[in-house]
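Bear in mind the structure is a predicted one, so any value in this text is a computation, not a measurement.
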Amino acid sequence: QVQLVESGGGLVQPGGSLRLSCAASGSIFSVNAMGWYRQAPGKQRELVAVIPTGGRTDYRDSVKGRFTISRDNAKNTVYLQMNSLKPEDTAVYYCNAELRSFWSSPARDYWGQGTQVTVSS
């Protein structure tokens, strides 16, 4: 069994900052890409940022320069530092990890339970 547990969401005023964390635990052989998605009410889930095991990070245009994704491979943890938050950033944020549970198993996607981020005055 693999679990992704997120933390760090909450209510913040426009212009404020939040830091999300997501730790993967359980039967993990290797972790490939990790990322953050979000889903606002009435909208489809969208990619916010992704960080591969090696290589460049990628962000959706609307968060470039404000959000920073990072990871700690020793802890199987991914972070999302969110600065200069705007009301349109309000959504449930989901952690995603592509990983292999065993050396012989194919890589598959796992999701966290989601954490609410609300940007409002």
Side-chain angles (χ1 to χ4, degrees):
Q1 286 284 55
V2 173
Q3 279 190 318
L4 269 61
V5 179
E6 299 136 339
S7 61
L11 172 65
V12 64
Q13 291 187 341
S17 298
L18 283 174
R19 188 189 192 217
L20 305 182
S21 300
C22 172
S25 63
S27 178
I28 299 173
F29 175 76
S30 64
V31 182
N32 299 334
M34 302 186 81
W36 290 94
Y37 289 71
R38 68 187 181 187
Q39 187 166 19
K43 294 188 176 181
Q44 289 189 330
R45 190 173 297 190
E46 60 186 22
L47 174 66
V48 177
V50 63
I51 183 168
T53 305
R56 295 193 313 176
T57 56
D58 195 20
Y59 300 88
R60 70 179 303 104
D61 287 345
S62 62
V63 307
K64 286 180 180 177
R66 300 188 297 121
F67 291 10
T68 303
I69 189 170
S70 60
R71 63 191 283 176
D72 184 334
N73 292 328
K75 297 180 179 179
N76 290 327
T77 299
V78 63
Y79 306 95
L80 186 67
Q81 178 65 43
M82 304 184 294
N83 299 328
S84 302
L85 282 160
K86 304 175 180 180
E88 50 263 43
D89 295 318
T90 296
V92 178
Y93 284 69
Y94 295 91
C95 170
N96 170 269
E98 181 188 64
L99 62 87
R100 296 166 64 191
S101 294
F102 303 98
W103 68 270
S104 58
S105 62
R108 54 157 287 191
D109 280 329
Y110 291 85
W111 293 90
Q113 79 284 359
T115 185
Q116 177 70 46
V117 171
T118 302
V119 184
S120 175
S121 55

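Sorted by first then second residue, the side-chain hydrogen bond (donor to acceptor under 3.5 Å, both in side chains) pairs that include residues 84-95, not counting sequence neighbours, are R38-D89, R38-Y93, R66-D89. Residue pairs meeting the ring-ring contact (aromatic ring centres under 6.0 Å, His included) criterion with at least one partner in residues 13-46, sequence neighbours excluded, are Y37-W111. Among residue pairs with one or both ends in residues 68-81, none qualify as salt bridge (charged side-chain N to carboxylate O under 4.0 Å, His left out); sequence neighbours excluded. Evaluation of the side-chain hydrogen bond (donor to acceptor under 3.5 Å, both in side chains) test over residues 100-109, restricted to residues two or more places apart or in two chains, returns S101-Y110.
When all heavy atoms of A24 and L4 are compared, the pair lying nearest together is CB-CD1, 3.9 Å. Scanning all heavy atoms of the two residues, the minimum distance from L20 to M82 falls at CG-CE, 3.8 Å. Counting all heavy atoms, side chain and backbone alike, A49 lies closest to L80 at CB-CD1, 4.3 Å.
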Please output the side-chain donor-acceptor pairs of residues 114-121 that fall under 3.5 Å, not counting sequence neighbours, one pair per line with the distance.
| residue | atom | partner | partner atom | Å |
| --- | --- | --- | --- | --- |
| T115 | OG1 | G9 | N | 3.4 |
| Q116 | NE2 | A91 | O | 3.4 |
| Q116 | NE2 | T118 | OG1 | 3.3 |

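Taking S17 as the reference, N83 meet the side chain to side chain donor-acceptor pair (under 3.5 Å) condition, with sequence neighbours excluded.
With hydrophobic clusters built from ILVMFWY side chains whose heavy atoms lie under 4.5 angstrom apart, V12 does not share a cluster with V92. In terms of hydrophobic clustering, with Ile, Leu, Val, Met, Phe, Trp and Tyr side chains grouped at heavy-atom distances under 4.5 Å, V48 and Y79 are assigned to different clusters.
The CD atom of Q81 sits 8.5 Å away from atom CG of L18, with the distance rounded to the nearest 0.5 Å. The distance from atom CD of Q3 to atom CD1 of I28, rounded to the nearest 0.5 Å, is 10.0 Å. A distance of 8.5 Å separates CG of N96 from CG of L47, quoted to the nearest 0.5 Å.
With E98 contributing its side chain and N32 its backbone, the two residues share no donor-acceptor pair below 3.5 Å.
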Check step by step if side-chain contact (heavy atoms from CB on, under 4.5 Å) holds for V78 and I69. CA-CA 7 Å; V78 63; I69 189 170; 3.8 Å; yes
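More than 12 heavy atoms of other residues, nucleotides or ligands shown are found within 6.0 angstrom of NZ on K64.
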